[in-house]
Novice: 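Mind having a look at this structure? Questions to follow.
So you know, we letter chains A, B, ... as the sequences are listed, proteins then strands, and number each from 1. Fair warning: this is a prediction, and the values are worked out from it, not measured in the lab.
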Amino acid sequence: MKRFAALFTRLDQTTRTTAKVAALADYFSEAPEPDRLWTIALLSGRRPKRTVNATILREWASDTAKIPLWLFEESYAIVGDLAETIALVLPPNRTESDHSLTHWITEIRRLPTLEEPDRRALIDAAWDRLDASERFLFNKLLTGGFRVGVSRTLMTRALARATGIDEPDLALRLMGDWSPDTTTYRRLVLEPDPEEDLSRPYPFFLAYQLEDDPEDLGPVTDWLAEHKWDGIRGQLILRGGTHHVWSRGEELMTDRFPELAAARDFVPDGTVIDGEILAWTDDAPLPFAALQKRIGRKTVPKKLLAEAPVILKAYDLLEWQGGDIRATPLKDRRALLDTLVESLPADAPIRLSPRLAADTWKILADTRARARDIGAEGLMLKRLDSPYRVGRTKGDWWKWKVDPLTVDAVMIYAQQGHGRRANLFTDFTFAVWDGDTLVPFTKAYSGLTDAEFRQITAWVRKNTLERYGPVRAVTPEHVFEIHFEGIQASTRHKSGLALRFPRMARWRHDKKAAEANTLGDLKQMLAAYG
Amino acid sequence: MAVLTFTPEGIHCPAGGFHIDPWRPVDRALITHGHADHARPGHAHYLATETAAPVIRHRLGDIALDTIPYGETRRIGDATVSFHPAGHVSGSAQIRVAVGGEVWVVSGDYKTEPDGLSEPFEPVKCHAFVTECTFGLPVFKWAPQAEIAAEINAWWAATLAQGRTPVLGAYALGKAQRLLACLDPSIGPILTHGAVETVNEVLRAQGLALPDTIRVTPETDPKDHPNALVLSTPSGLGTTWMRRFGQTSAAFASGWMRLRGVRRRRAADRGFVMSDHADWDGLNAAIRDTGAERVFVTHGYTAQFRRWLEDQGYDAQVVDTEFEGESLDTPDAEDAA
């Protein structure tokens, strides 16, 4: 664990990519192979399952730290991370341990087989033998939420450096349905058998947000334009007579979307399609909320299947007749895809994401402006002669999102942030006018600069009307322009509506509270876009 | 009887007709220390310790400032006041106010661990204690200063070994001088940001022993000072001012560095957990040692700390003030100098 903790400390102490890659490459050259395998697993989201209930863990931690549970909870609210809070409140460790990362993960996975007193004894003993940074990592593994600010791309690059294996090749080897229980470092990284994993997806190609004028991208005829669908990015894999569905988060979702099984009847073996999974009826997408109900279910009840049936909106072809065609230019991949999908029967669960024809950027700009009307988030622009790349790479794919919806609202409650923003007021509740009263309708946390957060923090301290625990009611004085991506009716909110991705776009120093928008304005938006 | 009341101007003593660290202009202000949220301009008369006075004068200019040695009592109206070391920065004081037989103490900002530079904190017996609680949660615990000093010196040497210049950010008054006292001059020379050096000069002039430093000016060529560490203000980190040093590694010293999230927000390469405020154990020990039954908490995690104190059997209340404690983000007034 000491070596792993040292790696983590090196990663945490720098913001420089080169230093992170160097730290990881050193680790991948020196650590024992089982630890390397577990590190790859952890950094690619293959965390061990949570084996101890978080509520009990908090009780044990506050008990061992000799503080009341409520004070532990208050501390957790400020720190914002359970593993870190526990590490910080515990007394210093009295002894040391030389055990490996793999040893401690094995211990953690042994927990469910133990009786509760033995479970606590194991955890207490670990806390007493691990130093501050080891203990933090142990807790991270225990609570099952391991994120360290190292992207998968960075990890792959470091592993490529340590092993001499080509980076894109390595990225592909690390995809798919493996865990440290089903493979070894040697089989996964050094000597993979390509036939071993028929379900293995390709690394997804991800787009950047287009910030500049699209005219800067060159002639519009060099680009394929289509709608940006608001669903789940997915890969449909047909190999060996069966099918698999992967999400972008590399979660196997085959069973959640049984509709897609029908693809086996129409699509030839040796095909991989990239697209968007959408809840879809009457030739139009359902709101994201409908799809969300489906995501939460491992098995889908009939009623839900009928209410929110899904399709795959296909937009790229990655494998054809058993061959990896990612290096083929998009226009040729797309031609193959068009032919394939057009040959399918009308009730097949696969539809094409239509190409939007345009001679000028102006025409596309107009299409984009109307995207919300058909339930899309904007447009995607893809260079016609580009290969299908790995990860988020700039230049060939752009998302050109529709302008957000906006409303001017009055800040009425403020709460301190946690984690990165522990000592600033950053979490605000906003209200709009309903006659003479202000009705809260959304919270927002992001969008202001650090300088603005400092300014508003100083103001909140001096303008608190009332405190409700950590929440302060403040003088309704400041107006903020709130941007959001969508609006839906909601019975859970007093205002009767809920926003999607609300954030503070601007602090409207020029507006008085009385000039903020009204609930009526929001209801009009709900009628138009809800 | 209330020896002190809490008014829109600040902490007020009706019997003595004075305020302590007031944030709005008053006739008579007793000042605990020279930080900008405690020593504000605009009062008619000031009273502070002898060692705090030079910095306050330097910052506030031509003010009517009277001084008092630690421990000496002075009668003001019907109140008797005295100043006692708070261990926060050089010259910082807790202010003891006695009216009739009732004694109240205002802590100002304080820390309980001696830093080798400030007059060490002395507990003062009282009936009521008005305390800060900037770090009033059990997650805030400080390592001994010698341990942190060793970490900082190791970082200095390691950064040089990588061919980079270490730049350490700290508040111009207090933290910067404390760090100076921790740095190992055998590693290399210490360059200082102008705002830090200005405070150094004031403190040296009053007889404080600080290691040698070199003020960074537009003419300073880093090549003339191999192996140097640069001591900057927090606001100097990541600015064009730093560019003259070429490839740098930035570090920041603050109690907030205890939290990983805050360390990451600063985007500094290193965060050293060092504060001039009491940690959780320090706050609890300080309050216990006053023997006070009533406690007023003024700034920091007040709601949580008050509840904790109540659990421990104290009569505890939150008082809203305009003190800021150890702010990560609001640059001290001196930084602009």
Novice: Give the intermediate values and the outcome of side-chain contact (heavy atoms from CB on, under 4.5 Å) for residues A/D81 and B/L259.
Specialist: CA-CA 10 Å; A/D81 182 294; B/L259 303 184; over 6 Å; no

Novice: Please identify each residue that fulfils side chain to side chain donor-acceptor pair (under 3.5 Å) with A/T18, with sequence neighbours left out.
Specialist: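 Once residues adjacent in sequence are excluded, A/T18 has no partner under the side chain to side chain donor-acceptor pair (under 3.5 Å) criterion.
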
Novice: Below 4.5 Å, heavy atoms only, C-beta onward: do B/T302 and A/R467 meet side chain to side chain?
Specialist: yes

Novice: For A/Q13, which atoms come within 4.5 Å of any heavy atom of chain B: side chain, backbone, both, or neither?
Specialist: both

Novice: Would the distance check show the side chain of A/R461 and the main-chain N or O of B/D320 forming a donor-acceptor pair, the cut-off being under 3.5 Å?
Specialist: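 Answer holds: no.
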
Novice: Just do the side-chain contact (heavy atoms from CB on, under 4.5 Å) check on A/K462 and B/W23 with the steps written out, would you?
Specialist: CA-CA 11 Å; A/K462 291 173 195 169; B/W23 42 86; over 6 Å; no

Novice: Quick check: closest heavy atoms across B/T248 and A/R16, and the distance to 0.1 Å?
Specialist: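 Answer, listing the atom of B/T248 first, then A/R16: O-NH1, 3.9 Å.
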
Novice: Which heavy-atom pair separates A/D12 from B/R260 by the least distance, and what is that distance?
Specialist: OD2-NE, 3.0 Å

Novice: Report which part of B/Q304 has an atom under 4.5 Å of a heavy atom belonging to chain A: side chain, backbone, both, or neither.
Specialist: both

Novice: Do B/D311 and A/L71 have side chains that approach each other closer than 4.5 Å (heavy atoms only, starting at C-beta)?
Specialist: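 They are not in contact (no side-chain heavy atoms under 4.5 Å apart), so the answer is no.
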
Novice: Can you check whether anything in residues 138-151 of chain B gets within less than 4.5 Å of chain A, heavy-atom wise, and list it by number?
Specialist: B/P138, B/V139, B/K141

Novice: Most heavy-atom pairs under 4.5 angstrom with chain A, which of B/R258, B/E322, B/R270, B/R307?
Specialist: B/R307

Novice: Check whether A/F72 gets within reach of chain B through its side chain, its backbone, both or neither, counting any heavy atom under 4.5 Å.
Specialist: neither

Novice: Looking at side-chain heavy atoms only, is the closest gap between A/E74 and B/F305 below 4.5 Å?
Specialist: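 They are not in side-chain contact.
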
Novice: Taking every heavy-atom pair that is under 4.5 Å apart, which of A/A65, A/S75, A/A451 has the most such pairs with chain B?
Specialist: A/S75

Novice: Got a sec: does the CZ of A/F501 have more than 12 other heavy atoms crowding it under 6.0 Å?
Specialist: no

Novice: Please name the pair of heavy atoms, one in A/W70 and one in B/W308, separated by the smallest distance, quoted to 0.1 Å.
Specialist: CH2-N, 3.4 Å

